[in-house]
Amino acid sequence: MSHPNEHGLGFRVKAWLIAARLFVTPWIAVNALLGTSLAGFNLQAWFLAFAITTLVLVSAHFINAWRDFVKGLDMVEEGSVAKPYTAGSQVLPRGWLSLRTVKASAIALLALSACLMVFAPRRLDAWLLYALGVAMALTYTDFFKPRGLGEVALFLGHGFGTTTCAYSLVRPIDPTGISAGVLLGMWAGIVYTIDQYIDVQTDFMKRVRNLAYMVFKANVRISQLWYFLLTATLTMQMGFVILGWLPKETLLSIFCLPLGHVAGILIDYNFERGTLLCLVNMWFFALLMSLGILLL
């Protein structure tokens, strides 16, 4: 279906922003904040980490839109459905942007992220973590997603990669940075499964057998997966604190539990609203860990 103003600049800018899926920036911001807070907070390092990881992740969104459209996964009908927080999967099928624009955007954003890396420390760990993020952006749609391993890509990229990359811009990576990355990687991976659950009866049931598909076929309530995430991350976090890898102040995150339980109840009753609350809970988890370090 065409839009009456689809050729106008304003409409194309809005379509570009939809394809970029900039709704993820608050989560990138707090993941990077946790990394820099643990390493010894530095505003310049946080801003650099936020900018670099945002550019890489947004480029991944354009690459995903491009490849899913070419492979026939994104369609107006019988494809990935619009989520309550993004309609990015509809941009190319509905002709809101050209494929050429989406490809050019992906390349330009990756190039700009590489340019910003000149301000990063000249250490192998920082550059390897940046390379990890770029690798996830380039391979998510064509390697991880078809094999039902999207959770692995989100774990490594959005969660682990963002946090540890930010950490490495302040100090060399060590068990503290890795521990934080593992926790936020867990959140990113499982919340991705919840995000994909709404697609199970469309493109994924036909073409991609991922964790969301298995949960659906096993007749497991999606709230059970969510409660597993809450229990697993907090248990792991306590273990990391006992080992001395994370400061005890990070346990301020336990105060996200009430919100987490409300999200678990809501997600079975109203999936879209429950998913939004799960995303908010993920944001609060990283924020509370960061505030524990900075304020306590």
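Quantities reported herein were computed from a predicted structural model and do not represent experimental measurements. Along the sequence shown, the residues carry numbers beginning at 1.
- Proximity of S253 to L234: side-chain heavy atoms (C-beta onward) are separated by under 4.5 Å at one or more points.
- Between I267 and L277 there is no side-chain heavy-atom pair separated by less than 4.5 Å.
- Aromatic pair W46/F41: centroids not less than 6.0 angstrom apart.
- When all heavy atoms of S179 and P175 are compared, the pair lying nearest together is OG-O, 2.7 Å.
- Atom CG of L112 is surrounded by more than 12 heavy atoms from other residues, nucleotides or ligands within 6.0 Å.
- Annotation for Q44: atom CD does not count as buried by contact number, only 12 or fewer foreign heavy atoms lying within 6.0 Å.
- Between H158 and Y192, the ring center distance fails the sub-6.0 Å criterion.
- Between V170 and L38, every side-chain heavy-atom pair lies at or beyond the 4.5 Å cut-off.
- Using a 4.5 Å heavy-atom cutoff, the side chains of Y130 and T53 are not in contact.
- Summarising the geometry of T36 relative to A45, their closest heavy-atom pair is CG2-C, 4.0 Å, with the distance given to 0.1 Å.
- In this structure, D125 contributes its side chain and I173 its backbone to a donor-acceptor pair below 3.5 Å.
- Closest non-hydrogen pair, A153 versus Y140, comes out as CB-CD1, 3.7 Å.
- For the side-chain contact (heavy atoms from CB on, under 4.5 Å) with L251, the qualifying choice from L296, L288, V241 is V241, the only one to do so.
- Between F285 and W187, the ring planes are tilted. Angles from 30° to 60° get that label.
- Summarising the local packing, CZ of R100 is surrounded by 12 or fewer heavy atoms from other residues, nucleotides or ligands at distances under 6.0 Å.
- Between F69 and V102, every side-chain heavy-atom pair lies at or beyond the 4.5 Å cut-off.
- Both I222 and V262 sit in one connected hydrophobic cluster of ILVMFWY residues. Membership requires side-chain heavy atoms under 4.5 Å apart, directly or through other members.
- Sorted by first and then second residue, the salt bridge (charged side-chain N to carboxylate O under 4.0 Å, His left out) pairs with a member in residues 218-228 read R221-D268; sequence neighbours excluded.
- Between the W27 side chain and the G159 main chain, no donor and acceptor come within less than 3.5 Å of each other.
- Hydrophobic clustering (ILVMFWY, side-chain heavy atoms < 4.5 Å, transitive): L129 and L156 are in one cluster.
- Atom OG1 in T139 sits 12.5 Å away from atom CZ in R67 (nearest 0.5 Å).
- Atoms CG and OG, on L291 and S37 in that order, are 8.0 Å from each other to the nearest 0.5 Å.
- The distance from the CG atom of N281 to the NE2 atom of H261 is 9.5 Å, given to the nearest 0.5 Å.
- T162 places no side-chain N or O within donor-acceptor distance of the main-chain N or O of A32, the cut-off being under 3.5 Å.
- The aromatic rings of F47 and F50 lie tilted to each other, with the angle between the two planes from 30° to 60°.
- Both I265 and L259 are assigned to one and the same hydrophobic cluster, defined by single-linkage of ILVMFWY side chains at heavy-atom distances under 4.5 Å.
- Looking at T250, its side chain never comes within 3.5 Å of a backbone N or O of L246 through a donor-acceptor pair.
- Under the 4.5 Å side-chain heavy-atom criterion for grouping Ile, Leu, Val, Met, Phe, Trp and Tyr, M117 is not connected to I107 through any hydrophobic cluster.
- Salt bridge status for D174 with R171: present, with a side-chain N to carboxylate O gap under 4.0 Å.
- We find the CG-CG distance between L22 and L57 to be 9.5 Å, quoted to the nearest 0.5 Å.
- Side-chain contact between T233 and L184 is absent, with no heavy atoms from C-beta onward closer than 4.5 Å.
- If you chain together hydrophobic residues whose side chains sit under 4.5 Å apart, V280 and Y269 fall into the same group.
- Counting only N and O atoms by type, the side chains of T101 and W16 include no donor and acceptor under 3.5 Å apart.
- Atom CG of L128 sits about 10.5 Å away from atom OG1 of T164, to the nearest 0.5 Å.
- Summarising the geometry, atom CE belonging to M289 is positioned 10.0 Å from atom CG belonging to N31; distances are rounded to the nearest 0.5 Å.
- In this structure, L154 and M136 have side chains that are not in contact, with every pair of non-hydrogen atoms separated by 4.5 Å or more.
- Annotation: side chain of F119 is not in contact with side chain of I52 (no heavy-atom distance under 4.5 Å).
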